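Data first, discussion second: the structure below is written as structure tokens.
It should be emphasised that the depicted structure is a prediction, and the values quoted were computed from it without experimental measurement. Atoms within a ligand are numbered from 1 in the order they appear, just like the ligands themselves.
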Amino acid sequence: MSDVLEQLTRVLEARKGADADSSYVASLHAKGLNKILEKVGEESIETIIAAKDAALSGSNDDVIYETADLWFHTLVMLSHLGLSANDVLTELARRFDLSGLEEKANRTSK
Ligand SMILES: N=c1c2ncn([C@@H]3O[C@H](COP(=O)(O)OP(=O)(O)OP(=O)(O)O)[C@@H](O)[C@H]3O)c2ncn1[C@@H]1O[C@H](COP(=O)(O)O)[C@@H](O)[C@H]1O
């Protein structure tokens, strides 16, 4: 795992037990899964809009900013469900050398 993901994973784990008044992450956990999913949905849409705007303006700054927000909120979602970035990285690593088209063909033939 990258140093940044590792560090953020540790912070997110620690914030699960923090005071909701002093921690944004703790406040999301306190509000529950639906609020976290609402944020994931919101940040997904903001990422899509930023990418569309980048194609017109030629500036990628907002795409990076919004994607960071999206990744962050998906990490909070994983943490809320007792999962972590490492679980997703393990799944991505499992897919190395497996063509997406091949995987799809195997899936539809079942
Ligand atoms: N990486 C982040 C991070 N990215 C985005 N955000 C917050 O995500 C929120 C969502 O952004 P929005 O623009 O939707 O804000 P908003 O309109 O105020 O949100 P809502 O009122 O709709 O919930 C903002 O408050 C951002 O500050 C983050 N908050 C925290 N982190 C990391 O998590 C750590 C722990 O944070 P705390 O739990 O606050 O200590 C921090 O040290 C950071 O490393």
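Residue contacts with ligand 1 for Tyr24 involve both N, CA, C or O and side-chain atoms from C-beta outward (heavy atoms, distance under 4.0 Å). For Val11, every heavy-atom contact with ligand 1 shorter than 4.0 Å involves the side chain, none the backbone.
Of all the atoms in ligand 1, the ones that sit under 4.0 Å from a non-hydrogen atom of His73 are 8 (O), 10 (C). Close contacts between ligand 1 and Asp69 involve ligand atoms 4 (N), 5 (C) [criterion: under 4.0 Å to a heavy atom]. Taking a cut-off of under 4.0 Å to the non-hydrogen atoms of Glu42, the atoms of ligand 1 that pass are 14 (O).
Protein heavy atoms come within 4.0 Å of atom 32 (C) of ligand 1. Contact annotation for atom 37 (P) of ligand 1: protein present (non-hydrogen atoms, distance under 4.0 Å). In this structure, atom 18 (O) of ligand 1 is not in close contact with the protein, since no protein heavy atom lies within 4.0 Å of it. Contact annotation for atom 13 (O) of ligand 1: protein absent (non-hydrogen atoms, distance under 4.0 Å). The nearest protein heavy atom to atom 41 (C) of ligand 1 is not closer than 4.0 Å.
Hydrophobic clustering, with ILVMFWY side chains joined whenever heavy atoms are under 4.5 angstrom apart, keeps Phe72 apart from Ile64.
Within the 4.5 Å cutoff, the side chain of Asp87 has heavy atoms near those of the Ser84 side chain. For the pair Glu46 and Leu70, the minimum side-chain heavy-atom distance is 4.5 Å or more. For the pair Asn86 and Leu5, the minimum side-chain heavy-atom distance is 4.5 Å or more. Residues His29 and Ile36 are in side-chain contact: their nearest non-hydrogen atoms beyond the backbone lie under 4.5 Å apart. Under the 4.5 Å side-chain criterion, counting only non-hydrogen atoms from C-beta, Lys39 is in contact with Glu42.
Between the CD atom in Glu38 and the CD atom in Glu43 there is a gap of 11.0 Å [rounded to 0.5 Å]. Of the inter-residue distances, the one linking Leu83 atom CG with Met77 atom CE reads 8.0 Å to the nearest 0.5 angstrom.
Here atom 22 (O) of ligand 1 lies nearest to Lys39 when heavy atoms of Glu43, Lys39, Glu38 are compared.
Nearest protein heavy-atom neighbour of atom 28 (C) of ligand 1: Phe72 CE2, 3.4 Å. Atom 43 (C) of ligand 1 has Leu8 CD1, 4.5 Å as its closest protein atom, hydrogens excluded (heavy atom only).
For residues 52-79, the side-chain hydrogen bond (donor to acceptor under 3.5 Å, both in side chains) pairs, not counting sequence neighbours, are Tyr24-His73.
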